[in-house]
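Data first, discussion second: the structure below is written as C-alpha cells.
FYI, side chains are in, hydrogens and waters are out, and symmetry mates aren't considered; it's all heavy atoms of this structure. In the text below, chain A, chain B and the rest are named by the order of the sequence lines, each starting its count at 1.
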There are 2 protein chains.
Amino acid sequence: MIRWNSLYAERARADHKDLVSGTGRQVINMSAGFPEPSLFPVEEVPRLIQSLAAEDGKALLQYNPPAGYEPLRAWIAKHSSTQDTRIETEQVLLTHGAQQGLDVVAKLLVEPGDCVLVEGPSFHGALWVFQAADAKIVTIPLEGEGMRLDVLEARLSELHEQGGLPKFIYTIPTFHNPTGYTATLERRLGLLELAERFGVPIVEDVPYNDLWYDAAPPPTLLELAGPERVIQVGTFSKTLCPALRVGWMIGPAGLIQKARHFKHIADTCSSGILQRVAYRLIQEGFWEHNVSRARELYRAKRDALTEAFATLNVPGVTCTVPSGGFFAWMKLPEGISSQKFQQFALEHGVSIAASPMFFADGKDAGACRLTISFPSPEQIRQGTAKLGEAMQRFFTHQY
Amino acid sequence: MIRWNSLYAERARADHKDLVSGTGRQVINMSAGFPEPSLFPVEEVPRLIQSLAAEDGKALLQYNPPAGYEPLRAWIAKHSSTQDTRIETEQVLLTHGAQQGLDVVAKLLVEPGDCVLVEGPSFHGALWVFQAADAKIVTIPLEGEGMRLDVLEARLSELHEQGGLPKFIYTIPTFHNPTGYTATLERRLGLLELAERFGVPIVEDVPYNDLWYDAAPPPTLLELAGPERVIQVGTFSKTLCPALRVGWMIGPAGLIQKARHFKHIADTCSSGILQRVAYRLIQEGFWEHNVSRARELYRAKRDALTEAFATLNVPGVTCTVPSGGFFAWMKLPEGISSQKFQQFALEHGVSIAASPMFFADGKDAGACRLTISFPSPEQIRQGTAKLGEAMQRFFTHQY
C-alpha cells in the first residue's frame, strides 16, 4: 500500500482553492478572467490551418523547436523594440501562455527560501508559481498610482542588510490584475531607479497592455529600461484567443538561452500549428484590427460598470474606474469579509473574486475583483444591480 | 546593472546540452526521437478543426478546463481499464505532452534532496525534470530483461535504513528510451513486489507501448497493479502527431486532483482545440488504424537496421533488435568513448546520440542510441553503412 499523504511535497499538501466561478445560467460570471468571445478568430483559425497544412504538409505536425516558431519570435522582437531599445530575436522565447513564462522564470531564478517581491494584491497564478517554487514572498502594498516606493525602498534596504536581496520584483504595471490600476510614469521610473540601485531585476507581466480604452498607457518597463534589466512576459490570449496558448518571454540573450532548456523540460515544445496561426493572424492584420475592436468593446463594458455602480449608492463601497484591461476593484466597508460577501453574492446570482486569493498570505483585504471582460454590458448592469441588492442585505443583516 | 550570473538558481547555472541532431541534407538524422511524418493526420486535422469551429463556435477558442477535455479523459480511462482494474475519469488528467506529466509529478512529490530511482540509462527529458527539481537521483542498472532487481532491492534496503526511501521509481518498461529494451512479465511482477514491500510508488512512462512490431508486449505496470500504486504518463505524440501536444497522466483520484492545480500553475490549460481534435481522431477510427500502420512502418525500419547492421561485421560492436518503439542501443567495444564517436559519426554524415545524455551523472557507457523512427528504411541502410565506415576508421586509427 502506498501512503500518498506522506509522499507529497510540502507545496502539494494544502488543498488548493480555485476561483469561484459562475456556474449555471442563473449566475452572472464576473469572476473568471475570460476574454470576450466575439473577438475570437473563429473563421480565421480553421482557414489558416487549412492553408498551413497545404503549404507545409506533414512538417506542420512534427515537433517544434523549444524556443518557438522563429518568424513570430522575430516579429515580437521588432514589435517590442523602441528607438532606444532594440530587442533581438534571440532575446525572445515563445511560451505556452504567459503562465508558462512565469513558471520558467521561477525555475531559472528561484531556489527554495529565495525572496521574491510582489505587489499586494497580485495575480493569483503568479503567486501560485512562486509558492510552488518555495519562494519567500514579500508583499509591497499597491495603490492607484503604482507600487508604494517608500515601502519598496525600506524592504530592499532591510533585505540588503540581511544579505537576502530578492531574486526579482514581480509587477503588472498596466491595467493590473486584480485591481485595474496603472502605474504612473513617475512610479515606473522610481521603481526602475530602486531596482537598479539594488541590482534587482524586474519581471514585468503585460497581458492587458494593448487593451487601453481611452489613451495609451505609459511606456512598459521593458521599453524604459531594456531587456538587460527587465524580463517581460506577455500573451496573445487576450488579443487573439486563449486556445492558441501563445505567450512570450523577453530577457537577456543569455537568460533566454537558459530559459529554452527549462521550456524544453516543461513540455518539450509548444504546438507549431498554433504558433504559426498566431503569426498569420498578425501578418493578415487581424491582430491589429482586433486590438482596436477590443478597446471599443471593453470600453463599453467599463462604462456599463461605472454607470451601473453610480446608481447603487451603497455607503462605504467604492469601485475603481479602470482605463484598460479586464478588471475593477471593489472595496467593501471597513471590517466586511470579502470572502463571506463573495459567497453571499454568489447566492444572489453573481460570481466575483474575493481578495484572499490575490495575497500570498491569503489575507482578506475587504475587496473583490470584478471581471468586466466576459459578461456583456447588459449582464454587467444586471450583475452590478444584483451586487447592490446583495450588499444592502449583507451589510444590514449579516454584518 | 544586473549581475545575472549571481542570480541564477543552482539548477540553471550549468550549460545545458541538447541532442546532437543531423543538420543539413548531407546528414542522416538517427538522433532525434521524431515520429515518421507519413503517419501524421495532415488532411484530418484541418477538416476536424473546421467542423469543430462550425459546431462549437467561439467557445472552442476560450480557456479550457485545466484537467482537460472531459470526453477524452473518459476515453483514456476506459481504454486503460482492464477486467480487474477499472480507471475512472477523475483518475485521468490531460497534459501538454507526456513531458509535462513528468514535470507535474516532480512538483507533486519531489522536494530538494528527495531521492528518485531511475533506470540507467534513462530518458534524458525525465532526468532533466528530476535534476531541475533538485532530486537526488539514484540509478538502477538496466539490462535486456528489465531493471536489475537485485540491485534495486539492495538500494531500497540501504535507503530504507538511512530513512530516505525514494519518492518513486521511474521506469519505461516497454520499448525503453534509449535502449529499446522491454521488461519481461517476471521483472515487472518483481519490480511491483519490491515497490509494494517498501511502499514506494512507480511512475511508468508508456510513450511507445502501442508501437509493437511483432507481438503485444506484457501488460503495463498500471494494468498489473492499478492507479493506487502506479502513476502512468503517456502521449498521443507517437500515435497521432507531436503538434497536438496531447498527453495524459493516470493516478489515484486524490493525486490527480492535486495534479490539476500544478497543471494550472504550469500553463493555465492546454488548447481545447487540439484535445478535441485528438478525441475526434480516436472517434473516427483514425487513431486505431494509424497504430496498425505505424507497427508495419516501424517494423520495416527495424528490419532495415538489423539487416544493415548484420553486414557490417565490426568486431566488438553489438546492436539491440528492438521489438517495438523508436530506438536501438549500439554498444561500442570496451573503452571506446561514445561521445567522441558521436562526433566522428556526425562528420561521416550520420547523427546519433551518445550515452552520457542518458545517465544522471553523465557517464559514458560506451554506447549510442540509434533512432529508427524518423529516417526512411533506405536512409537507415545508408546511415548504418556510414556508421560502419566511421567505426572502421575510428577504431583503427583514432583509438
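- For B:Val104, no part lies under 4.5 angstrom from a heavy atom of chain A.
- Looking at A:Ile231, only its side chain comes within 4.5 Å of chain B, counting heavy atoms on both sides.
- Within the 4.5 angstrom heavy-atom criterion, only side-chain atoms of A:Leu274, from C-beta onward, approach chain B.
- When heavy atoms are compared at a cutoff of 4.5 Å, A:Arg245 approaches chain B solely by way of its side chain, counted from C-beta outward.
- Heavy atoms of A:Val129 lying under 4.5 Å from chain B belong to its backbone as well as its side chain.
- Interface residue A:Leu255: backbone and side-chain heavy atoms are both found under 4.5 Å from chain B.
- At a 4.5 Å heavy-atom cutoff, A:Phe168 makes no contact with chain B through either its backbone or its side chain.
- Put simply, of B:Leu102, B:Thr268, B:Thr95, B:Asp134, the one with the most heavy-atom pairs under 4.5 Å next to chain A is B:Thr268.
- Heavy atoms of A:Ala14 lying under 4.5 Å from chain B belong exclusively to its backbone.
- Using a 4.5 Å cut-off between heavy atoms, B:Leu60 contacts chain A through its backbone alone, with no side-chain atom that close.
- A salt bridge is absent between B:Arg3 and A:Glu228; no separation between the charged side-chain nitrogens and carboxylate oxygens falls under 4.0 Å.
- Heavy-atom distances place the side chain of A:Pro252, and not its backbone, under 4.5 Å from chain B.
- Heavy atoms of B:Phe198 lying under 4.5 Å from chain A are absent altogether.
- Contacts of A:Trp4 with chain B are made by side-chain atoms alone, with heavy-atom separations under 4.5 Å and no backbone atom involved.
- Proximity to chain B (any heavy atom under 4.5 Å) is shown, for A:Ala133, by neither the backbone nor the side chain.
- Dense packing is recorded around CD of B:Glu193, with more than 12 heavy atoms of other residues, nucleotides or ligands lying under 6.0 Å away.
- For A:Arg260, the part lying under 4.5 angstrom from a heavy atom of chain B is the side chain only.
- Between chain A and the residues B:Gln100, B:Lys107, B:Gln131, B:His16, the most heavy-atom pairs under 4.5 angstrom are made by B:His16.
- Both the backbone and the side chain of A:His96 come within contact range of chain B, with heavy atoms under 4.5 Å apart.
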Test side chain to side chain contact (heavy atoms under 4.5 Å, CB included) applied to A:Asp103 and B:Ile265, step by step: CA-CA 7 Å; A:Asp103 196 42; B:Ile265 284 183; 4.3 Å; yes

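- With a 4.5 Å cut-off on non-hydrogen atoms, A:Pro66 does not touch chain B at all.
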